[in-house]
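A short worksheet on the structure shown next.
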Amino acid sequence: MIKDEIARMVEEAATRAQEAGELPAIALPEIVIERPQRSEHGDYATSLPLRLARAAQANPLDLGQALVRRLPPSDAVERVEVLPPGFVNFHLSESWLARQVDAVLEAGAAFAQAPVGQGQKVQVEFVSANPTGPLHAGNGRWAALGSTLARVLQAAGYRVETEYYFNDAGSQVDVFARTLYARYQQLFGREAPVPEDGYVGSYMVDLAEQARERFGEAMLRPQGEPAPEELGRFGMEQVMDWIRRDLTDLGVHFDHWYREQTVYDAGHFDKVMALLREKGLIVEREGAVWFATSQLGADKDEVVVRSSNLPTYLATDIGYHYDKFFVRDFHRVIDIWGADHQGHVRPLQLAAEAMGIQPERLNIIIGQLVTLRRGEEVLKISKRSGDIITLREVMDEVGRDACLFFFLSRSADAAIDFDLELAKRQSAENPVYYVQYAHARIAGILNHAGESALGGGDVAGGDTSLLTHPAELALIRKMLLLPELVETIARTLEPHHLPYYAQDLATAFHDFYEKCRVVDDDSPELSRARLKLVAAAQSVLATTLGLMGMSTPDRM
RNA sequence: GUCCCCGUAGCUCAGUGGACAGAGCGGCUGCCUUCUAAGCAGCGGGCCGCAGGUUCGAAUCCUGCCGGGGACGCCA
């Protein structure tokens, strides 16, 4: 990446200036190359002189000049200038920029790649909603975020695996089974109230009806007897089918589906309990077993085994993370959780540390919640409290691509207030179509060229040195940003920049389109060069949309 | 009470140490005989919640306060 090359040049210049005595032999700060907001400040800039001025006891402008004198030559950089209060600005060579079109075309989707991960094994775990009800809109947010993050990390050179963790054991499973059995019995006229803490959503009635179709009355037990296990299993499998179908239709794929029960079957639970006990972090009190997080700086301990002898969710999760780090050997693990799980972050991090995992290897992204509304009416989202707006309904109303784009556009730190009425009304003028339209327009141009005197899609023949128009260069500059963006997202784990970049890129194309005629029989050489440019732009647009899991229509 | 997130244009949100603060939507005005007008150009719109502090430089970092959301369970 050109940005890295400039950073190397600056570092070399600084070192040489020190050797020449023009810069005191002080420790250099990290070389930061930034992108100026204003185009007259060049393509890249560094404020290194400002940062050095105090320690060097020198005028930043003089330091800048000394730096510039020692800069090694580069055919990518045409002009370097020092501007007050102490910035060094780099202007890229226009002929170098034009040549990058060839490089972009040749690289294809690989153009987005950034050398960050170096083949490290990383896991992204997300959604992981329990199969006790259909996915709701909030789950869709994590699906969009997690799958996009996984694709970006892949492009950044990590070996990525995605995972969905689901409970097929534990108390919620039991509540689910009892609720289903109550609804099932009601279908046969029995007095069977839904449990106090049960799932009151109407989908449980639908499930009960499916169970009746499947089993007839064979699942009925004598009054007062508990729900048959088979009925609960049946219900959960149905729900898992819904979940899998919804995710597939959203375009979200998981490499692994991990059952909670595995943590016990494989012995991970016993293993971590023994591990923590060895470290003196397990205490027994009030009939329960506690993880002594207070010894690690927390303000209270956490129960890991209830007095009923059942392990808690936290205990299972610790075992699950033992599996991630020590059995499956992920170098890095990323968990995406909703803000309602934030209290769970610290205990799990403490457990991971106690197991010897360096904190930076476990990234827990806490995403703020989604509030759904229809105009003024706030809709319930909790599975336990009532009927929910499912992800399926949102996808049907708003459209898959618009849904993904909307969820991705917000930082995970920002709560989303999703107004279905507004989303539906705005879906036709959603920015996602603006981006896709750019892609489709290019497809139209390429088609048109094929039918013109220029002949078929022979894009390879163009001479990119003919690309000199400001709109052409602006488009190329925007294209070159993608690998840098991939690098940034891989570092910050914040994919919400992607939709904004996609819009900027589309704007650069639409602007070019207005100003530069591509297919023009009177100037075939320029036409061929521009065909090459739009083909490259289409490739970058498609790659960007692809990272977000969205479709790339050729026609709209 | 403690902890986490947020507060930026009429609305929804980017920008988290740099050089005159941005986008989309909404409002107003223009532009289709020419590769898709789901497009383009222009106009209007901001004590960046408030008060201190750190810094050559703060929307961005620190402290306090105000407002909104979330968590504090032997639920997950």
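Numbered from 1 within each chain, the chains take letters A, B, ... in sequence-line order. Just so it is clear, the structure is predicted and the values come from calculations on it, not from any experiment.
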* Check whether any side-chain N or O of A:Ser171 sits under 4.0 Å from OP1 or OP2 of B:A76, and answer yes or no. => yes

* To do: Pick base, sugar-phosphate or nothing for A:Asp522, based on heavy-atom distances below 4.0 Å to the nucleic acid.
  => nothing

* Structure fact -> Of B:C40, B:C74, B:A76, the nucleotide closest to the side chain of A:Tyr313 is B:A76

* Asked: B:A14 and B:A23: how far apart are their C1' atoms, nearest whole angstrom?
  -> 7 Å

* Is a donor on one side and an acceptor on the other found under 3.5 Å between the side chain of A:Lys515 and the backbone of A:Ala471? -> no

* Kindly say whether A:Pro195 contributes a backbone atom to a donor-acceptor pair with the side chain of A:Thr179 at under 3.5 angstrom? => no

* Asked: Can you check the A:Asp504 CG to B:G22 C1' distance for me, whole Å?
  -> 10 Å

* Asked: C1' atom, B:G30 versus B:A37: distance in rounded Å?
  -> 13 Å

* Are any side-chain N or O atoms of A:Ser539 and backbone N or O atoms of A:Ala535, one a donor and one an acceptor, separated by less than 3.5 Å? -> no

* Asked: Which class fits the ring pair A:Phe126 and A:Phe254: parallel under 30°, tilted 30 to 60°, perpendicular over 60°?
  -> tilted

Kindly give the atom pairs (protein nitrogen or oxygen, nucleotide nitrogen or oxygen) under 3.5 Å for nucleotides 53-55 of chain B.
none

* Asked: Of all residues at least two apart in sequence or in a different chain, which pass the side-chain hydrogen bond (donor to acceptor under 3.5 Å, both in side chains) check with A:Thr507?
  -> A:Tyr434

* Asked: For atom C1', what is the distance between B:G46 and B:G15, given to the nearest Å?
  -> 14 Å

* Using the salt bridge (Lys or Arg N to Asp or Glu O under 4.0 Å) rule, collect all pairs that involve residues 308-317 of chain A, keeping only residues at least two apart or in two chains. => none

* A:Gln342 side-chain proximity, nearest of B:G18, B:C4, B:C35 -> B:C4

* To do: Please step through side chain to side chain donor-acceptor pair (under 3.5 Å) for the pair A:Tyr165 and A:Asp335, ending with a clear verdict.
  => CA-CA 10 Å; A:Tyr165 171 81; A:Asp335 297 340; over 6 Å; no

* Touch class at under 4.0 angstrom, heavy-atom based, for A:Glu40 against every strand present -> base

* For the side chain of A:Glu34, starting at C-beta, report the closest nucleotide among B:G70, B:C74, B:G18. => B:G18

* Structure string for RNA chain B in dot-bracket form, Watson-Crick and G-U at under 3.5 Å, | interchain -> (((((((..((((....[...)))).(((((.......))))).....(((((..]....))))))))))))....

* Keeping the roles fixed (side chain from A:Tyr322, backbone from A:Phe269), state whether a donor-acceptor pair exists under 3.5 Å. => no

* Asked: Between A:Gln172 and A:Asn167, is any side-chain donor less than 3.5 angstrom from a side-chain acceptor?
  -> no

* Asked: Do A:Ser409 side-chain atoms and A:Pro499 backbone N/O form a donor-acceptor pair below 3.5 Å?
  -> no

* To do: With syn defined as a glycosidic angle within 90° of 0 and anti as everything else, classify B:C65.
  => anti

* **Salt bridge A:Arg530-A:Asp520, side-chain N to carboxylate O under 4.0 Å** => no

* Asked: Between the main-chain N or O of A:Trp290 and the side-chain N or O of A:Asp301, is there a donor-acceptor pair closer than 3.5 Å?
  -> no

* Check RNA chain B against residues 505-520 of chain A and give the residues with a non-hydrogen atom under 4.0 Å, in numerical order. => A:His510, A:Asp511, A:Tyr513, A:Glu514, A:Cys516, A:Arg517, A:Val518, A:Val519

* Asked: Looking at the side chain of A:Val303, which of B:A19, B:C74, B:A76 is the nearest nucleotide?
  -> B:C74

* Say you pick atom C1' in B:U8 and the same atom in B:G67; how far apart are they, in whole Å? -> 15 Å

* **Neighbour count above 12 (heavy atom, 6.0 Å) for A:Glu40 CD** => yes

Give each protein N/O atom lying under 3.5 Å from an N/O atom of nucleotides 15-17 of chain B, with the pair distance.
residue, atom, partner, partner atom, Å
B:G15, OP1, A:His496, NE2, 2.8
B:G15, OP1, A:His497, NE2, 3.4

* To do: Please measure how far the P atom in B:G17 lies from the corresponding atom in B:C25, and state the result in whole Å.
  => 29 Å

* Asked: Are the side chain of A:Thr46 and the backbone of A:Val32 linked by a donor-acceptor contact shorter than 3.5 Å?
  -> yes

* To do: Tell me whether A:Phe87 is stacked on the nucleobase of B:A19, counting only the six-membered base ring and applying the 5.5 Å and 30° thresholds.
  => yes

* Asked: For A:Asp340 and B:C5, what is the distance between atoms CG and C1' respectively, to the nearest whole Å?
  -> 13 Å

